[in-house]
Amino acid sequence: MPPLSRGSPFASMLRALFVVLLPIWLLSRGAWADETYTVAVTQSPSGASAGAAFTQQPIVTVYDSAGDIATSYDGSVYVALAESPTGFEVLWFNGTDVTEDGFPGRVYFVDGVASFEGLYINDQGSGFVIEFIVLDDTDATVTSAESSEFEVSIGSAYQISLSTYPGSASGGSGFSPQPVVAAKDVGGNTVVSYGDGQVTAYLVDTEQNPNPTGGILRGTTTRSMTNGLVSFTDLYINEAGSPYLLAFEFSGAELDGTTVVYSNPFAVGIGEGATMEMLETVTDGYTYGGVAFQVQPRIQVLDAGGNLLVDDSESVVEVTFTTNPSAGKMTPEEYASETLVSGICSFALLSIDKIGNGYELLFTLKEYTASTNSYTASGITLSSAAFDVTLGPPYKLVVDTPAGGAAAGGSAFQQQPVVSLRDVGGNIITTDSTSVVTAKQVESLSTVKSISINTQSAPEVRVVDVYYKSSAGSNSGGSETIFTAGDSLIIFVEFSEEVTVTPSKGSPILEFAALVNTTASASSIYRYLTATCVTLNTVSKTLEFELDIPETTEVGKSVFTLMTRGPGALRLRNSLVLDNLDRNVNHTLPIEGETGSLTSNVNITIDLQTPYVTGIELLMENSTEGIQSKMVSTTGQSAELGAGHLIAIKVSFSQAVTVSGTPVVPLNLTHRNESLMGTVDAVPPEMKIRHARYTSGSGTNTLTFQHVIRRGDMSGNLDMPEGVDGKNRSLLLEGGYIRRYSTSPIL
């Protein structure tokens with residue numbers, strides 16, 4: 001090809017094409033890529049109401065280096081909350097938290113302008129600032145700008161919410177704390193200016209959530225809204241049971257959101273004794289002088305809700321007189337005080353000797369204090385209805401005035417005898433004017449015969465056997481029997497002949513030395529248990545001693561063999577144990593291991609091992625619909641939960657346990673104080689301990705605790721607070737208890 005001439009038309013065309021393409025090539029190589037952009041918030045957000053989209057949404061404009069709107073700018077802008085009252089508030093963009101991954105708060109520029117829609121903040125307060133970050137077409141940050149400061153006001157009332165859940169409760173006693181319902185805006189802020197309508201509380205009773213006892217919610221169950229709150233003050237339930245569920249329903253005005261909210265499931269426990277009630281009374285039968293009442297008093301002890309104190313088998317009821325018209329005496333004195341058995345006190349053999357009209361009995365409850373081993377009057381008393389003690393049937397003749405001043409020769413006695421016919425109580429049968437008393441002379445035994453009684457050769461009465469007998473019969477040959485805390489058993493002490501126990505200040509007791517283990521030395525520590533004699537005022541060869549197995553907290557001393565403390569373990573405590581010849585018996589016990597001893601007859605093991613926690617599992621609702629969704633385990637997975645979500649914590653123990661009251665699992669959370677937001681007193685989030693309350697599982701080795709997450713509570717990794725030792729974490733009993741589960745054997 002011939003060389004191009006400088007002035008040829010083709011050369012001129014190449015020069016023109018070079019002039020056009022070179023700037024494009026240089027720009028693509030970055031040679032001219034020094035264009036700078038700025039951004040401005042041309043319309044700041046305003047009209048912000050908590051939970052609702054800003055009435056004036058922000059607009060952002062991007063400018064080139066010449067200050068003109070960069071209409072060809074190919075990029076986007078996303079938002080972040082630059083400043084807020086506490087730093088924990090969240091900016092939302094059409095229902096999405098703008099802090100989530102992937103720039104969820106992004107808007108693309110159109111002709112250099114980005115217009116936002118759907119931005120809102122749930123939390124009320126002032127000092128909010130939004131930052132707008134501009135990105136290029138590769139999502140690299142170019143520049144940013146901030147909005148002017150704005151505030152978020154509390155919106156109009158939209159829904160109701162439980163701001164204070166009902167606390168622990170016992171029968172007949174008010175919840176502590178009492179529930180509080182709040183009127184909330186869309187963002188969940190309490191609308192303190194709202195005062196319309198009222199809230200009614202009631203017990204839920206549905207197929208999914210049945211009322212466990214048919215109990216009634218009592219107190220003022222409907223209250224008016226005042227300053228955005230409905231505060232209940234006197235709600236209570238009489239009937240002990242679980243799980244209960246309370247509903248709170250708003251009425252009397254229009255709200256667009258939730259108008260019915262529910263409490264957590266909860267239990268109503270049996271409270272302290274508050275009243276006594278007669279089950280059987282002496283007025284139900286005859287009452288003769290000196291004769292045991294035909295119907296003996298029988299009393300039950302109830303809490304304020306009328307629930308029987310089934311767990312109280314320690315307190316006692318004493319009976320005296322409220323009214324004693326004839327200065328009568330109640331006998332036997334040792335039966336004037338009886339111990340409760342599962343909340344019921346049954347008296348026996350009581351009688352009043354003197355006849356009279358208008359007797360009244362006074363029953364006083366005395367509660368047992370284990371720490372001092374004493375009884376204290378509770379202030380709870382009960383008076384019987386008035387009743388009369390009338391003459392009984394003739395029982396004996398009594399010589400009121402003996403014959404005296406006798407002289408031989410047939411002279412009349414100077415002092416003639418006077419006799420009276422009396423009933424068992426010693427009352428003269430004044431209604432008898434027909435019976436005849438005949439006096440006659442009888443031979444004196446000492447003048448006609450000589451009788452000699454010699455019991456010196458009678459063998460001594462002694463203990464021959466100590467054993468345990470179940471419902472199936474006597475244990476023998478070293479058979480094994482195991483008991484635990486809460487069990488009761490009878491130990492029998494057999495004598496060589498019949499004996500009678502007459503109690504004095506207290507009944508005889510049988511003391512046991514419960515050895516820690518079978519290889520212990522003589523210096524080993526013993527734990528002493530005591531059984532009380534229940535065979536009183538009865539002729540019998542065998543005495544029964546009732547032993548109640550107690551709780552223990554002594555680590556390492558919880559499994560041992562039951563044996564008597566030794567030959568002197570049977571202590572009389574000033575009582576008399578006499579044989580049929582009114583002689584004191586030999587109450588020395590056989591040496592343990594020898595014939596007739598307890599351990600030679602049966603191997604009784606006492607197992608008081610304390611249950612311990614073996615595992616904790618967190619469960620959550622698998623849906624937000626309904627008021628009792630199916631719970632699913634979160635083990636091995638991450639779970640994100642929000643306000644209103646129900647969580648369940650299952651605590652597994654090494655052994656079955658029984659629960660009284662409403663224990664809780666404490667949870668570590670961070671909480672924002674909504675009431676202080678937007679004020680000069682605004683404070684940063686504070687640590688809060690929330691409580692997951694016990695709902696079910698008593699009698700098994702797994703207990704369930706439930707908690708509904710509250711608004712404002714946060715935790716990156718839900719856990720329990722440290723114990724006082726800085727390490728151990730534990731359940732809180734809240735006045736109740738968690739103990740090893742046991743059932744008393746059939747005797």
Side-chain angles (χ1 to χ4, degrees), residues 171-172 213 238-240 270-326 328-368 375 377-393 423-425 427 488 503 507 532 534-538 544 546 744 746-747:
T213 67
N238 280 337
E239 297 79 9
I270 298 175
E272 297 179 349
T275 60
M276 291 191 291
E277 183 179 276
M278 282 284 189
L279 295 176
E280 297 178 14
T281 180
V282 296
T283 58
D284 295 336
Y286 59 72
T287 49
Y288 295 146
V291 177
F293 304 139
Q294 182 186 22
V295 178
Q296 293 288 318
R298 191 163 175 264
I299 295 171
Q300 61 180 356
V301 181
L302 310 173
D303 67 6
N307 302 289
L308 179 65
L309 272 62
V310 294
D311 294 328
D312 190 347
S313 294
E314 294 180 327
S315 300
V316 300
V317 177
E318 289 186 352
V319 59
T320 56
F321 290 103
T322 300
T323 304
N324 189 351
S326 302
K329 181 179 180 181
M330 193 181 314
T331 57
E333 294 182 3
E334 60 271 22
Y335 283 14
S337 177
E338 292 290 349
T339 304
L340 298 184
V341 177
S342 298
I344 296 177
C345 177
S346 299
F347 288 89
L349 303 179
L350 293 180
S351 66
I352 298 175
D353 58 350
K354 303 296 185 183
I355 63 173
N357 297 331
Y359 278 102
E360 292 181 15
L361 301 181
L362 177 66
F363 300 90
T364 301
L365 177 67
K366 291 190 173 182
E367 296 174 336
Y368 177 70
Y375 293 89
S378 64
I380 300 172
T381 60
L382 174 67
S383 291
S384 72
F387 61 95
D388 300 336
V389 176
T390 59
L391 285 171
D423 62 12
V424 176
N427 302 286
S488 296
S507 299
T532 302
V534 294
T535 309
L536 306 175
N537 300 305
T538 302
E544 297 181 11
E546 184 173 351
S744 297
I746 300 175
L747 300 177

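Because the structure is predicted, anything quoted here is derived from the model rather than measured.
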J.: Check residues 276-284 and write down every donor-acceptor pair under 3.5 Å in which the side-chain atom is one partner and the other belongs to a residue at least two apart or another chain.
T.:
| from | atom 1 | to | atom 2 | distance (Å) |
| --- | --- | --- | --- | --- |
| E277 | OE2 | Q300 | NE2 | 2.6 |
| D284 | OD2 | T281 | N | 3.2 |

J.: Nearest 0.5 Å, please: how far is CD1 in I344 from CG in D312?
T.: 11.5 Å
J.: Does V319 form a side-chain contact (heavy atoms from CB on, under 4.5 Å) with Y335? I'd like the steps, not just the answer.
T.: CA-CA 9 Å; V319 59; Y335 283 14; over 6 Å; no
J.: Find the distance between CD1 (I299) and OG (S346) and round it off to the nearest 0.5 Å.
T.: 9.0 Å
J.: So, the side chain of S507 versus the backbone of T532: is there a donor-acceptor pair under 3.5 Å, distance only?
T.: no
J.: Is any side-chain heavy atom of Y359 less than 4.5 Å from a side-chain heavy atom of S326?
T.: yes
J.: Just wondering, do T322 and S384 contact through their side chains at under 4.5 Å, heavy atoms?
T.: no
J.: Could you pull out all residues at least two apart from T331 that satisfy side chain to side chain donor-acceptor pair (under 3.5 Å)?
T.: S351
J.: So do the side chains of C345 and V301 get within less than 4.5 Å of each other, counting heavy atoms only?
T.: no
J.: Distance-only, no hydrogens or angles: does the Q294 side chain make a donor-acceptor pair with backbone N or O of Y286 under 3.5 Å?
T.: yes
J.: Heavy atoms only: give me the nearest N357-P325 pair and the separation to one decimal.
T.: O-CG, 3.2 Å
J.: According to ring-ring contact (aromatic ring centres under 6.0 Å, His included), who are the partners of F363, at least two apart in sequence or on a separate chain?
T.: F347
J.: More than 12 foreign heavy atoms under 6.0 Å from CD of E272: is that the case here?
T.: no
J.: Rounded at 0.5 Å granularity, tell me how far CG in D388 sits from CD1 in I355.
T.: 10.0 Å
J.: Shortest non-hydrogen contact from N238 to G172?
T.: OD1-CA, 3.3 Å
J.: Taking all atoms of both residues into account, what is the closest heavy-atom pair of A304 and A274, and its distance?
T.: N-CB, 3.5 Å
J.: For the atom pair OG1 (T275) and CG (L365), what is the distance rounded to the nearest 0.5 Å?
T.: 10.0 Å
J.: Rounded to the nearest 0.5 Å, how far does CG of L391 lie from OH of Y288?
T.: 10.0 Å
J.: Given side-chain contact (heavy atoms from CB on, under 4.5 Å), test L340 with S313 step by step and report yes or no.
T.: CA-CA 5 Å; L340 298 184; S313 294; 5.6 Å; no
J.: Are the side chains of E334 and L536 in contact, using a 4.5 Å heavy-atom criterion?
T.: no
J.: Check for a donor-acceptor pair, side chain of S337 on one end and backbone N or O of E318 on the other, with a separation under 3.5 Å.
T.: no
J.: Is a side-chain N or O of N307 found less than 3.5 angstrom from the main chain of A240, in a donor-acceptor match?
T.: yes
J.: Taking the side chain from D353 and the backbone from K329, do they hold a donor-acceptor pair closer than 3.5 Å?
T.: yes
J.: Once you measure the plane-to-plane angle for Y375 and Y368, does it fall in the parallel (<30°), tilted (30-60°) or perpendicular (>60°) bin?
T.: tilted
J.: Any chance you could lay out the side-chain contact (heavy atoms from CB on, under 4.5 Å) test for V389 and K354, step after step, and finish with the verdict?
T.: CA-CA 7 Å; V389 176; K354 303 296 185 183; over 6 Å; no
J.: For the backbone of E360 and the side chain of T323, can you confirm whether one donor and one acceptor N or O come within less than 3.5 Å of each other?
T.: no
J.: What's the separation between atom CG in L302 and atom CD1 in I270, rounded to the nearest 0.5 Å?
T.: 10.0 Å
